[in-house]
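Numbered from 1 within each chain, the chains take letters A, B, ... in sequence-line order.
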2 protein chains.
Amino acid sequence: MAGRRRQAVTIQDVARAAGVSRAAVSKVIRDAAGVSPAMRARVNAAIEELNYRPSVAARALRGASYTLGLEVPHLGNRFLTQIVDGALAALEGTRYQTIIAPADGREGYGAIEALADRQVDGIVVVSPRVDASWLERLAGSVPVVMLGRHHRSVHYDTVVGDDLAGTGQVMDYLLGLGHRSIVHLTEDFAVTTPGSGVPHALRLQGYEEAMTAAGLKDRIRVVRTGQTEEHARATVDELLDTRPWPTAVFAGHDQLALGALAALVERDALGEISLIGYDNTDLAAHPAISLSSVDQHGTEMGRRAIAMLLERIAGRDEAQHHVITPSLTVRRSSGPPPTR
Amino acid sequence: MAGRRRQAVTIQDVARAAGVSRAAVSKVIRDAAGVSPAMRARVNAAIEELNYRPSVAARALRGASYTLGLEVPHLGNRFLTQIVDGALAALEGTRYQTIIAPADGREGYGAIEALADRQVDGIVVVSPRVDASWLERLAGSVPVVMLGRHHRSVHYDTVVGDDLAGTGQVMDYLLGLGHRSIVHLTEDFAVTTPGSGVPHALRLQGYEEAMTAAGLKDRIRVVRTGQTEEHARATVDELLDTRPWPTAVFAGHDQLALGALAALVERDALGEISLIGYDNTDLAAHPAISLSSVDQHGTEMGRRAIAMLLERIAGRDEAQHHVITPSLTVRRSSGPPPTR
DNA sequence: CTGAAAGCGCTAACAG
DNA sequence: CTGTTAGCGCTTTCAG
């Protein structure tokens, strides 16, 4: 019931047109050795003429699909844009193509499996909510690079930002400015469990450590919310119902920060409360937003992930783990605490 | 050199384990008729046991890949999020999977071809800069739905917003408020050529018609810029160098509007100049932005596109063209012109 | 340097 | 209801 009308000019047709064997054509399109220039020319002419395109499916059945898969969480996540841009840039000039599979539900299992089923030559996993041992197993059958996971597998590579360092920069900055009442806005436990290796867990940990080191252990205040901007907005709005207000909010990522910003703007509290996000998504720089945020260099992350995948495909066998140092970008959303 | 380690449990293995023929297994996984309950049970057990997953490549070679391809321009485009969300929702519960191929360069040819090469069962094309006749040819070999193209093909379906209506709403609103000096901010000619069927061309046309109808033909002022926020920002900034300022700016899409907003904010001109965008992307609603914008109902567009593709795959043969009526959402970025 | 032949994993007639 | 048999389009030995 599906997929007819394959007008399909096949390798056979090309061979016929060029008056050679299928094998010869195959060699030409793969740039394999052992073809005379004359034959190559004739074959290429026929290919051009017939507008022939090799079937990736047939190819994948034998060898490689020359396709890399990128599993991503919800596309609304701006940070992804950076990663995808980097990945695409890294692929330029290679014969590989990337396809993106957006996570279906909360997790990305379905999407990842869909990629594997499609015989991609390698997979970059971005969704944080996938089980490490499950990935480990997957990595046994296809090269995998996991983005943003601190856990170090032996079977797959990782590219991750130094979340402790990033958080440290934020906290040094805020504490240095004189802030004492700093709230950390983050997501639910599923993603912040200590030891899970999920970035948010480390950011939380870094926050708590910095507060403790500053002698503010009893002022630690972690507020959890859902992963959307709306959730963050409602949560922060509620937070502002009770005084005293904190003097600073450190959000686990920019989407949360944008939600927080919405609440602050509506309460006209932006002058009193500093706000810092994480990811430095494109919007942070917009003058109407001007959000201080930690730049994770997502483009570089995407680029590295693809580079590592390509290495794996080319034969590398030991796992590699790449850490990228983030940097805080200060904008108008943060400053010294209000003086009384 | 690529794609080894296919631990590959094949249909053969399952057949062996269940003590039946490959055909039997095939029937079970396809839910085809002619299998005894007993056999079905045994086969399913074996599938479970071996953790078997059918190879999409092998399947595609014979029949369908059960994969739909979505070609999209740059992922930074927020409007896409709506479309993809709608598409994913429409696919829920079907056996189809979507893969996204981001346009490589300016156009989307490479990405579209990549999808076709991968034997997808249908393609949704979003990039506006693809040649209609090229698409026509493609549509001869695989079902195609084109988003946001007014041109009516006989071979592929289209889903498009009623851009004249949307523009009409904007202009009625602005003119009704008393605006006379209204600038239209749009992209370069490649995408605004009259008759091209590209939405931006119609928005431009609608703008000119509305101005003319209001007796403001000589106040028509079209400003062209690049497609990024940065371009729009610089262009509008330059625009503000010379007085008198317009009292309203109607941007061709939200990204341009955001750039314009940046320039207005920096010049502190927001009180004097009304700004309206198009697409009603998620950011427009943010209180720090609060951009008036035309909602194209992208989610519905994505949903329809997939529905139509599924119909085509199921056998429909005549082209169908679906038009969605947009609606203007007014926010704080627009209001009456300043009174002197 | 060139071509014949044997599959890759699966589906789709067709026979039993 | 079940199994046998041909391929789908391509790559890849292996002879010529």
Atom-pair distance ([atom1] on [X]; [atom2] on [N]), nearest Å:
{"X": "A:Q119", "N": "C:dC8", "atom1": "CD", "atom2": "P", "answer": "13 Å"}
{"X": "B:I47", "N": "C:dC10", "atom1": "CD1", "atom2": "P", "answer": "10 Å"}
{"X": "A:R62", "N": "D:dC8", "atom1": "CZ", "atom2": "P", "answer": "16 Å"}
{"X": "B:I11", "N": "D:dA6", "atom1": "CD1", "atom2": "P", "answer": "18 Å"}
{"X": "B:R59", "N": "D:dC8", "atom1": "CZ", "atom2": "C1'", "answer": "15 Å"}
{"X": "A:Q12", "N": "C:dG3", "atom1": "CD", "atom2": "P", "answer": "12 Å"}
{"X": "A:L61", "N": "D:dT11", "atom1": "CG", "atom2": "P", "answer": "11 Å"}
{"X": "A:D117", "N": "C:dC8", "atom1": "CG", "atom2": "P", "answer": "20 Å"}

Please list all pairs meeting salt bridge (charged side-chain N to carboxylate O under 4.0 Å, His left out) that have one or both residues in [range], counting only residues at least two apart or in different chains.
{"range": "residues 21-31 of chain B", "value": "B:D31-B:R40"}
{"range": "residues 46-66 of chain B", "value": "A:E113-B:R53, A:D117-B:R53"}
{"range": "residues 74-90 of chain A", "value": "A:R78-A:D282"}

Result for side chain to side chain contact (heavy atoms under 4.5 Å, CB included) between B:L147 and one of B:I83, B:T158, B:D157 points to B:I83
Sequence-distant partners of [X], side chain to side chain donor-acceptor pair (under 3.5 Å), two or more places apart:
{"X": "B:D131", "answer": "B:S133"}
{"X": "B:E71", "answer": "B:S127"}
{"X": "A:T81", "answer": "none"}

Is B:Y66 near enough to C:dC10 that one of its side-chain N or O atoms lies under 4.0 angstrom from OP1 or OP2?
no
If you look at every heavy atom in A:S65 and A:V120, which pair is closest and at what distance?
OG-CA, 3.6 Å
With sugar-phosphate meaning primed atoms plus P, OP1 and OP2, does A:S26 contact a base, only sugar-phosphate, or nothing at under 4.0 Å between heavy atoms?
base
Suppose we screen for ring-ring contact (aromatic ring centres under 6.0 Å, His included). Which residues come up paired with B:Y109, at least two apart in sequence or across chains?
B:W134
Checking D:dG9, C:dA12, D:dG7 against the side chain of B:R30 (C-beta onward), the nearest is C:dA12
Between the protein and nucleotides 2-5 of chain D, list the N/O to N/O atom pairs that are separated by less than 3.5 angstrom.
unit_1: D:dT2; atom_1: OP1; unit_2: B:S36; atom_2: OG; d: 2.9
unit_1: D:dT2; atom_1: OP2; unit_2: B:S36; atom_2: N; d: 2.7
unit_1: D:dT2; atom_1: OP2; unit_2: B:S36; atom_2: OG; d: 2.7
unit_1: D:dG3; atom_1: OP2; unit_2: B:S21; atom_2: N; d: 3.4
unit_1: D:dG3; atom_1: O6; unit_2: B:K27; atom_2: NZ; d: 3.2

Please round to 10 degrees the angle between the axis of the first five pairs and the axis of the last five pairs in the helix from C:dC1-D:dG16 to C:dG16-D:dC1.
40°
